[in-house]
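Inspection log for the structure reproduced underneath, given as structure tokens.
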Amino acid sequence: MSSIDESQPPGPAEMDKRFEPKQYEPAWQRFWREHDLFRSQTRRETDRPSFCILIPPPNVTGRLHIGHALQSSLQDLIVRWKRMQGYNALWLPGTDHAGIGTQLMVERQLAAEGTSRQEIGRERFLERTWAWKQQYHSNIREQLERLGASCDWSRERFTMDDGLSLAVRTAFVRLYREGRIHRGEYMVNWSPGLQTAVSDLEVESKSVRGKLYRIAYAVEGSDQKLVVATTRPETMLGDTAIAVHPADPRYQALIGRHAILPLLGRRIPIVADQAVDPEFGSGAVKVTPWHDPNDFEIARRHGLPGLRVIGFDGRMTAEAGPSFGGLDRFAARERVLEALRELGLLVGVDDHVHNVGHSQRGGEPIEPMVSKQWFCDVGDMARGALAAVRDGRIELQPDGWVKTWEHWLESIRPWCISRQLWWGHRIPAWYTPDGECVVALDFEEAAGLAGTRELEQDSDVLDTWFSAALWPISTLGWPDEDSEDLATFYPTDVLVTGFDILFFWVARMAMMGLHFGGDVPFRRVHLTGLVRDARGEKMSKTKGNVLDPLELVDEYGADAVRFTLCALDSPGRDIPLDPERMAGYRAFGNKIWNATRFALSRIGDARVPEHLDAVGLAAPERWILSRFSRTAGFVNDRFEAFRFDEACQRLYHFFWGDLCDWYIELAKPALFGDETSRPRVAEVLLWVLERSLRLLHPVMPHLTEELWHRLPGIDHSGVVAVALARYPEPEPKWEDEELEQRFEALQQVVSRVRTLRTERGLERRARLGLWIEGGVEREVAFVLEQGDLVRSLALLEELRQGAGPKDAVRDRVAGVELAIEVEAAKLGEVERERLGKELERIAGETRSVEARLANPQFVDRAPGEVVAGARARLAELEQRRAVLAAQLAGH
RNA sequence: GGGAGGUUAGCUCAGCGGUAGAGCACCUGCUUUACACGCAGGGGGUCGUGGGUUCGAAUCCCCCACCUCCCACCA
């Protein structure tokens with residue numbers, strides 16, 4: 001107990017009228033940390049069932065953005081809920097080294113110092129980057145903690161930790177030895193800006209307004225010109241053939257002959273290939289094998305040589321000839337066109353809109369070119385991942401993503417996994433002086449295999465997503481097959497992430513998890529939408545509409561931020577985030593605060609009861625317990641279905657509507673009354689409040705923790721925090737459908753009286769008398785039985801059964817006919833109008849229901865209860881019409 | 001060219017077979033012994049267009065229109 005007291009927030013015993021998240025949120029974060037509440041256990045240490053979520057690791061040097069806040073809120077909600085359900089729940093945190101991103105940041109820093117990575121060399125550059133990582137890596141943890149994340153920080157991982165690095169090397173070596181990884185010269189996407197190859201996924205195709213140029217090539221041994229169409233004239237310098245469709249009648253005679261490449265005078269063959277579309281351009285295609293993926297394939301089929309005319313820096317090479325070598329690729333284009341124009345060989349220029357691949361990161365056009373790289377052939381692993389989703393071992397939510405998943409995995413191509421970067425996992429391959437390649441776990445093994453220590457390691461690093469693909473197994477201890485964590489938590493249960501990395505990450509984890517882990521890496525994947533601004537626009541720095549989650553936490557409190565994000569997470573939708581909405585949920589927090597404050601001020605000596613005995617409770621108590629039970633059932637069910645939005649709506653309306661607006665008001669007479677009724681009512685109020693705090697805890701952990709600890713009678717030596725309290729479940733014995741219906745009538749009667757005050761512009765406390773004149777027996781009896789409560793809620797002078805004064809205002813609500821005595825009972829103009837409108841509405845609905853009932857097909861085919869419902873509705877409409885019509889006629 | 005999603009109250013969105021809901025915004029009253037981050041009451045929608053299925057459609061099916069996003073080597 002004493003240790004708890006020490007880390008209790010220092011807040012005053014007296015509660016302020018307004019809650020102030022800043023005063024207690026950091027204190028509870030510290031409390032959780034100091035009590036080490038979220039450390040999970042291995043199966044050796046506990047027999048509780050396990051539950052595991054792995055964090056999608058943020059960039060180690062990054063700052064959390066609003067998307068992280070969304071995903072973290074959802075992950076924390078899930079893991080807190082499961083933990084409270086008694087699971088050995090683990091939310092494993094960590095960070096990613098983010099190869100390109102981090103390297104670029106450090107390079108930028110070097111540039112500012114007037115140097116570069118090339119200048120300082122690889123070793124010093126890596127030292128710098130590690131230092132940079134050390135400096136920033138605690139930021140992510142701090143930021144997650146400020147959101148209230150209940151991660152097990154003792155298990156924090158970083159993709160370049162020793163253990164994870166070993167996992168990466170092990171996976172690489174095994175895949176290599178299985179023949180799934182190989183090195184070769186193929187067409188890759190080259191980013192001249194980043195100076196590295198990138199994978200297909202890192203290329204974004206953008207529609208570009210360009211030109212289609214028609215260039216005339218001379219045919220050898222004739223005066224004939226062969227016109228080809230191209231969008232990239234500069235690549236002609238690397239042409240090694242012209243291709244036409246084999247069946248194209250225009251070019252039959254030319255197949256097998258040669259053309260002379262303009263500008264360079266090279267003799268190139270004219271070949272026939274199916275890939276050529278006779279309808280496009282001139283029907284003849286220039287073939288540049290080393291700078292176009294299609295041409296590469298054509299060249300392979302025809303055994304054509306390739307020439308590198310564009311270098312890795314985006315400039316033309318010496319192969320491009322003396323006039324062009326050294327020029328930037330775009331400058332070369334102009335120069336080539338100019339030269340062709342002079343020679344009269346540029347025979348046409350048309351506007352042409354086409355798609356050009358751009359580097360996702362750098363933004364510049366990607367240069368397709370042949371390069372020696374490492375590739376991972378994921379074909380059969382992809383089939384495994386495909387099957388896992390098809391047969392439900394992995395559930396994607398929303399399931400609309402299944403098709404996308406299938407399409408991508410069915411048409412998957414080898415994955416280019418090498419990057420010409422320095423920051424990352426260096427490829428575990430060594431070369432002997434003879435150029436022999438040895439793949440091994442480390443230098444010693446490589447030396448043993450090669451029979452020499454004169455080895456040079458491959459200079460490339462692996463794609464960041466390669467290590468990310470191993471995250472589910474590597475963080476849990478793989479390749480150590482005896483790892484207790486792996487045995488306890490693998491397969492993990494839930495993955496929450498954005499759809500934008502479905503292929504980059506999720507699919508690849510599925511492949512690697514199945515391959516190395518022997519099972520799916522996670523059973524369910526919850527894909528979130530994109531967080532947008534209040535108007536639904538994408539957040540971007542240039543637009544200046546970026547919302548920083550930590551600033552939002554400062555302004556509204558972490559719980560309000562979390563509640564908002566969870567409440568807006570509806571499947572398949574982007575999330576428009578309006579700070580106004582967050583203010584609304586901050587108000588909700590304040591409501592919870594004040595409800596508790598009120599309860600604490602009126603409960604006397606009552607304590608939160610261990611068990612609640614239903615016997616002898618009055619109707620309002622039985623009612624709120626019934627509502628609570630149904631809410632608990634609903635919330636659990638919606639959490640289970642990952643419908644956090646629906647769960648949050650229900651929590652909000654239960655607490656604010658049922659508990660505050662109605663129950664607390666209903667309980668007030670007893671709470672302010674004598675000692676006969678007060679203790680029991682106070683107990684129920686405390687009980688419901690305490691259970692409600694538990695119910696709300698996964699969404700609003702700080703506030704619920706703060707308030708829960710203020711409630712009297714909780715044995716904190718048993719359960720030190722609400723974070724570890726049992727999550728409420730529905731209690732069917734308290735659910736009372738009939739009682740809830742009767743209460744509905746009571747509520748409507750009270751509302752009708754209140755409406756009348758507004759209609760008549762009466763004083764809030766104007767003396768009113770209410771007569772219950774008739775109606776449905778059950779409801780009437782209940783309203784009369786609860787007469788005292790109705791009187792206090794509706795602020796009535798008196799309430800009686802029987803016929804009211806002649807000039808009273810009459811209405812029928814929820815089956816109860818009532819007459820309200822008002823001093824000046826004349827209907828005003830506005831009221832008459834409203835009555836008229838209401839009668840019209842009733843007449844309209846009556847016609848519609850009558851028509852339905854007059855239709856024999858409806859009566860025959862519709863379910864009995866629907867027909868009965870319609871009949872009852874018709875009767876109710878008629879009763880109400882009669883009352884209102886009499887009312888209107890009587891004045 | 002394929003695929004997915006969207007089109008419901010002024011705004012942002014739920015609902016997805018029995019004639020419409022929320023939050024915010026708006027209007028009208030309120031120092032009511034927890035809360036103005038409050039209380040009570042209210043106005044506001046032919047659920048994108050056109051067909052079809054059904055006793056009955058915002059809800060299922062088809063067409064169209066307009067948005068958004070993925071995927072795709074026609075130079």
Side-chain angles (χ1 to χ4, degrees), chain A residues 15 17-19 187 205 212-213 228-232 235 243 275-277 279-282 284-288 292-298 352 354-355 357 368 398 400-404 406-408 411 499-500 502-503 529-530 532 534-536 538 556 560 564 567-568 570 572-578 580-581 583-602 643 645-646 649 652-653 660-661 664-665 668 672 751 754-759 761-765 795 834 844-845 848-849 852 855-863 865-867 869-870:
Chain A
M15 292 173 73
K17 268 170 79 169
R18 275 196 186 199
F19 85 137
M187 183 59 65
S205 99
L212 187 63
Y213 303 94
V228 301
T230 181
T231 54
R232 300 197 57 193
T235 62
V276 180
D277 177 4
E279 304 295 316
F280 187 86
S282 62
V285 188
K286 55 190 275 313
V287 180
T288 318
D292 184 283
N294 293 313
D295 294 2
F296 183 74
E297 292 304 317
I298 293 176
H352 182 64
H354 60 137
N355 292 325
W401 290 104
V402 172
K403 276 199 167 184
T404 313
E406 290 179 344
H407 181 255
W408 189 72
S411 54
F499 63 84
D500 51 326
L502 184 64
F503 304 142
L530 197 68
R532 296 169 175 275
R535 287 187 314 212
K538 220 170 179 167
Y556 301 100
T564 309
L568 290 175
S570 56
R573 275 269 193 181
D574 282 345
I575 294 160
L577 186 61
D578 187 347
E580 283 300 311
R581 185 133 184 170
Y585 290 126
R586 178 182 55 190
F588 180 50
N590 193 47
K591 190 75 183 175
I592 300 169
W593 176 272
N594 274 293
T596 308
R597 186 164 77 100
F598 169 75
L600 292 177
S601 73
R602 296 306 319 168
R643 287 305 303 264
D645 54 339
E646 293 179 347
Q649 296 306 334
Y652 183 93
H653 287 114
C660 293
D661 290 345
I664 289 184
E665 295 307 318
K668 272 181 181 174
F672 282 95
S751 289
R754 289 170 174 169
T755 308
L756 183 79
R757 290 182 194 276
T758 304
E759 280 174 352
L762 298 174
E763 292 280 311
R764 205 182 72 86
R765 287 198 168 277
L795 296 167
R834 204 189 311 258
E845 195 182 334
S848 144
V849 178
R852 233 188 301 165
N855 181 347
Q857 308 226 55
F858 171 72
V859 180
D860 285 354
R861 298 195 195 182
E865 57 194 65
V866 174
V867 177

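Small disclaimer: the values here were computed from a predicted structure and weren't measured. Residue numbers begin at 1 in each chain, while the letters A, B, ... track the order of the sequences.
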What nucleic acid atoms does A:N355 come within less than 4.0 Å of, heavy atoms only: base, sugar-phosphate, or nothing? base
Let me know, please, whether A:Q857 or A:S751 comes out on the 5' side of the other along RNA chain B by nearest nucleotide. A:S751
Can you classify the ring geometry of A:W408 versus A:F503 as parallel (below 30°), tilted (30 to 60°) or perpendicular (above 60°)? parallel
Closer to the 5' end of RNA chain B via nearest nucleotide, is it A:D645 or A:E759? A:D645
Would A:K591 pass as a cation-pi partner of A:Y652, given that its NZ or CZ must be under 6.0 Å from the six-membered ring centre and within 45 degrees of the axis? no
Can a side-chain donor-acceptor contact be found between A:N855 and A:R852 if the only test is distance below 3.5 angstrom? no
Can you figure out which of B:G6, B:C71, B:G18 approaches the side chain of A:A862 most closely? B:G18
Candidate nucleotides B:A25, B:C35, B:C37, ranked by approach to the side chain of A:N594 - the nearest: B:C35
Could you spell out the base pairing of RNA chain B as a dot-bracket line? Use Watson-Crick and G-U wobble contacts where both distances are under 3.5 Å, [ ] for crossing pairs, | for partners on a different strand. ((((((((.[[[[.)..(..]]]].(((((.......))))).....[.[[[..)....]]].])))))))....
Look at all strands and tell whether A:E297 reaches a base, only sugar-phosphate, or nothing, counting heavy atoms closer than 4.0 Å. nothing
Among B:C73, B:G41, B:A75, which is the nearest nucleotide to the side chain of A:D277? B:A75
What's A:A229 touching, base or sugar-phosphate or nothing? Going by heavy atoms closer than 4.0 Å. base
Using a cut-off of strictly less than 4.0 Å, decide whether A:K403 has a side-chain nitrogen or oxygen near OP1 or OP2 of B:A4. yes
So, OP1 or OP2 of B:U28: does either fall under 4.0 Å of a side-chain N or O from A:R834? no
Under 3.5 Å donor-acceptor pair, A:K591 side-chain atoms to B:C35 base atoms: yes
If only side-chain N and O atoms of A:T404 are considered, is one of them under 4.0 Å from the OP1 or OP2 phosphate oxygen of B:C70? no
Assign A:N855 to base, sugar-phosphate, or nothing according to its heavy-atom contacts below 4.0 angstrom with the strands shown. sugar-phosphate
From the options B:G41, B:A75, B:C13, select the nucleotide whose nearest atom is closest to the side chain of A:F280. B:A75
Side chain of A:R581, heavy atoms from C-beta onward: which of B:A34, B:A36, B:U12 has the nearest atom to it? B:U12
Pairing residues for A:H653 by the ring pair (Phe, Tyr, Trp, His ring centres under 6.0 Å) criterion, not counting sequence neighbours: none
Heavy atoms under 4.0 Å, any strand shown: does A:F672 hit a base, just sugar-phosphate, or nothing? base
With respect to the side chain of A:R586, which nucleotide from B:A75, B:C37, B:A34 is positioned closest? B:C37
